[in-house]
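Along the sequence shown, residues are numbered consecutively beginning with 1.
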Amino acid sequence: MEAVIGKECSALGGLFQTIIGDMKGSYPIWEDFISKAGKLQSQLRTTVVAAAAFLDAFQKVADMATNTRGATREIGSALTRMCMRHRSIEAKLRQFSASLVDCLINPLQDQMEEWKKVANQLDKDHAKEYKKARQEIKKKSSDTLKLQKKAKKGKGDIQPQLDSALQDVNDKYLLLEETEKQAVRRALIEERSRFCVFVSMLRPVVEEEMSMLGEVTHLQTIADDLTNLTMDPHKLPTASEQVIIDLKGSDYNWTYQTPPSSPSTTMSRKSSVCSSLNSVNSSDSRSSGSHSHSPTSHYRYRSSNQPQQVPMRLSSVSSHDSGFMSQDAFQSKSPSPMPPEGTTQVREVICNVKSLNSAILSQGLESQSMLTKYCKLKLTF
C-alpha cells in the first residue's frame, strides 16, 4: 500500500515539475509575440498615415467630379460616400492600432514579470513541502521498522504501537499525495490563468478589428452604385441633359473667350508696320530734300506749294507704339509755322491718318490694302 502511494506521489511530483518547466520555457515565446506585435503596431501606424494622405487625395478627385457641370456629379457623389466610408475604416484602423499597444503589448509585458515571480514561488514552495513531507515519512517509517523488529523478537506487547506507527506512515503518505495533488492543481491553474489573461487582453483588440471589418461591408452598396453609374461612359444621364435644356432659359453666365494671338505673331506684325512706314518716311524725306537747297528757296517752296508740308505733319500724329516720332518733337524741329490757309485741309488729313493708324494697330496689319492706302495717302500729300 505504501509503495503504491509512494509511486503516485512521485508521479504527481514529476507532473508538477513538467508544468513548471513548461511555464518557464514559454517566456521566449511570449517575448517573441510581444516583439512581433510591436512591429505590427508600427506598420499599422505607418499604414494609417499613408491611408490618411491617400484619402485626402481621393477626396479631391471626388470633389472635382462633384463640381463638374452636370456630366459626372452623381459619380462624384458616390465617390464622396466611398471616401467617407474609407475614412471610417481609417478611424477604426487607428483605434485597432492603439488597442494593440494599450490593451495587449504593454499589459502583457507587465504581466510577464508577475508570471516569472509566481512560477518561481510555486516551484520553491512545492520543493519545500515535498522535502518536509518526505522527511516525516522517512522518520515514521524508521520508527515502524524498529517496532517490527521488536515484535519479531517477541519482546513485550508492542503490537498496538506497531499498528499505530504503520497507520501514521500511511497517513503521511496520504497527506503527501494530497499535497502533491494540490501542487499540481496550483500549477495547472497558473498555466491556465496565463492564457485566460492573454485572451482577456486580446479580446478588445479583436473587437476593434471586427468593428473595422464591419465597415467594409458598407462598401459593397457604394461599389454597386458606381458600377451602375459608369456602365456606359458615352451616354449622358438625365441630369446632364437637363443642364443643356436649362441653359436655354438661363441668363447665359458663360461666354466663349476667343484665345489671343501669340506674342511672336504680334511683335512680327508691329515690326513689319514700323519698317514699312519708316521706308515711306525716308523716301518722302528724300523727295522733300531734293527741292530745298537754301533757306530762302525752302520758304518759297512751302509758300507756293502748301500741300508738300502735309507728309511731315502726317508723320507727327502717329503714336510711339507705331515707331514714329511725337508731334512735340516734330514741332521743335519745324523751321517755320504752318500758314493759316492750309489748316482745314491738314486737319482732315490728320483725322484720316489717325483712323488708319488705329485700325492698323488694332488689326495687326492683317489687310495689305490698308497699308497700301496709308502709303498712298502719305505720298499724295
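- Applying the side chain to side chain donor-acceptor pair (under 3.5 Å) rule to pairs touching residues 38-47 yields Q41-R45, Q41-S97, sequence neighbours excluded.
- V206 and I105 fall within the same hydrophobic cluster, defined by Ile, Leu, Val, Met, Phe, Trp and Tyr side-chain heavy atoms under 4.5 Å apart, directly or through other members.
- For K60, the NZ atom sits in a loose shell: 12 or fewer heavy atoms of surrounding residues, nucleotides or ligands are nearer than 6.0 Å.
- Contact detail for H218 and G214: the closest heavy-atom pair is CD2-O, 3.6 Å.
- Close placement of the W30 and F198 rings is indicated, their centers lying within 6.0 Å of each other.
- Summarising the geometry, atom CZ belonging to R87 is positioned 10.0 Å from atom CZ belonging to R94; distances are rounded to the nearest 0.5 Å.
- In the hydrophobic clustering of ILVMFWY residues, with side-chain heavy atoms under 4.5 Å counting as a link, L213 and L93 come out together.
- Between K124 and N120, every side-chain heavy-atom pair lies at or beyond the 4.5 Å cut-off.
- Closest of all the heavy-atom pairs between A119 and R194 is CB-NH2, 3.5 Å.
- Residues L40 and V49 are members of separate hydrophobic clusters, defined by side-chain heavy-atom contacts under 4.5 angstrom among Ile, Leu, Val, Met, Phe, Trp and Tyr.
- Taking a 6.0 Å sphere around CE of M84, one finds it holds 12 or fewer heavy atoms contributed by other residues, nucleotides or ligands.
- For NZ of K24, the number of neighbouring non-hydrogen atoms (other residues, nucleotides, ligands) closer than 6.0 Å is greater than 12.
- Contact check on R186 versus E190 returns no salt bridge, with no Lys/Arg side-chain nitrogen under 4.0 Å from an Asp/Glu carboxylate oxygen.
- Taking 4.5 Å as the limit, every side-chain heavy atom of S88 sits out of range of all side-chain heavy atoms of M212.
- Here CG of D22 is found 12.0 Å from CD of Q17. Values are rounded to the nearest 0.5 Å.
- In the hydrophobic cluster analysis, where Ile, Leu, Val, Met, Phe, Trp and Tyr join through side-chain heavy atoms closer than 4.5 angstrom, I222 is grouped together with V216.
- The other members of the hydrophobic cluster of V184, by chain and number, are L12, L15, F16, I19, I20, M23, V118, L122, L188 (side-chain heavy atoms under 4.5 Å, ILVMFWY only).
- If you take CG on L226 and CD on E74, they are separated by 10.0 Å, rounding to the nearest 0.5 Å.
- With respect to the salt-bridge test (charged N to carboxylate O, under 4.0 angstrom), the residues E113 and K117 do not qualify.
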Check your understanding: Is there a salt bridge (Lys or Arg N to Asp or Glu O under 4.0 Å) between R203 and E207 once you walk through the steps?
Key -> CA-CA 6 Å; R203 186 181 299 111; E207 290 176 355; 5.1 Å; no

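- Here the options are D63, V61, L55, D56, the test is side-chain contact (heavy atoms from CB on, under 4.5 Å), and the partner is Q59; only D63 passes.
- Of the possible polar contacts, none joining the S211 side chain to the E208 backbone as a donor-acceptor pair under 3.5 Å is found.
- Of all the heavy atoms in A62 and L79, the pair that sits closest is CB-CB, 3.7 Å.
- Classification of K128 and D123 as a salt-bridged pair fails, no side-chain N sitting under 4.0 Å from a carboxylate O.
- Taking CZ of F33 as the start and CG of L104 as the end, the distance is 4.5 Å to the nearest 0.5 Å.
- Between R81 and D225, at least one side-chain N (NZ, or NE/NH1/NH2) sits under 4.0 Å from a carboxylate O, which counts as a salt bridge.
- The minimum heavy-atom distance linking A78 with L229 is given by the pair CB-CD1, 4.1 Å.
- K181 places a side-chain heavy atom less than 4.5 Å from the side chain of R185.
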Practice item. Would you please test H126 and E180 for side chain to side chain contact (heavy atoms under 4.5 Å, CB included) and show each step? Key: CA-CA 8 Å; H126 173 263; E180 289 299 305; 2.7 Å; yes

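- I29 and L108 end up in different hydrophobic clusters when Ile, Leu, Val, Met, Phe, Trp and Tyr side chains are linked at under 4.5 Å.
- No side-chain donor-acceptor contact under 3.5 Å links E215 and H86.
- Here CE of M82 is found 12.5 Å from CD1 of I75. Values are rounded to the nearest 0.5 Å.
- Under the 4.5 Å side-chain criterion, counting only non-hydrogen atoms from C-beta, Y130 is not in contact with T179.
- Under the 3.5 Å distance criterion, the side-chain polar atoms of S35 are left unmatched by any main-chain donor or acceptor of E31.
- A distance of 7.5 Å separates CH2 of W115 from OG of S193, quoted to the nearest 0.5 Å.
- Under the 4.5 Å side-chain criterion, counting only non-hydrogen atoms from C-beta, D32 is not in contact with Y27.
- At distances below 3.5 Å, not a single donor-acceptor pair connects side-chain atoms of R73 with backbone N or O atoms of A65.
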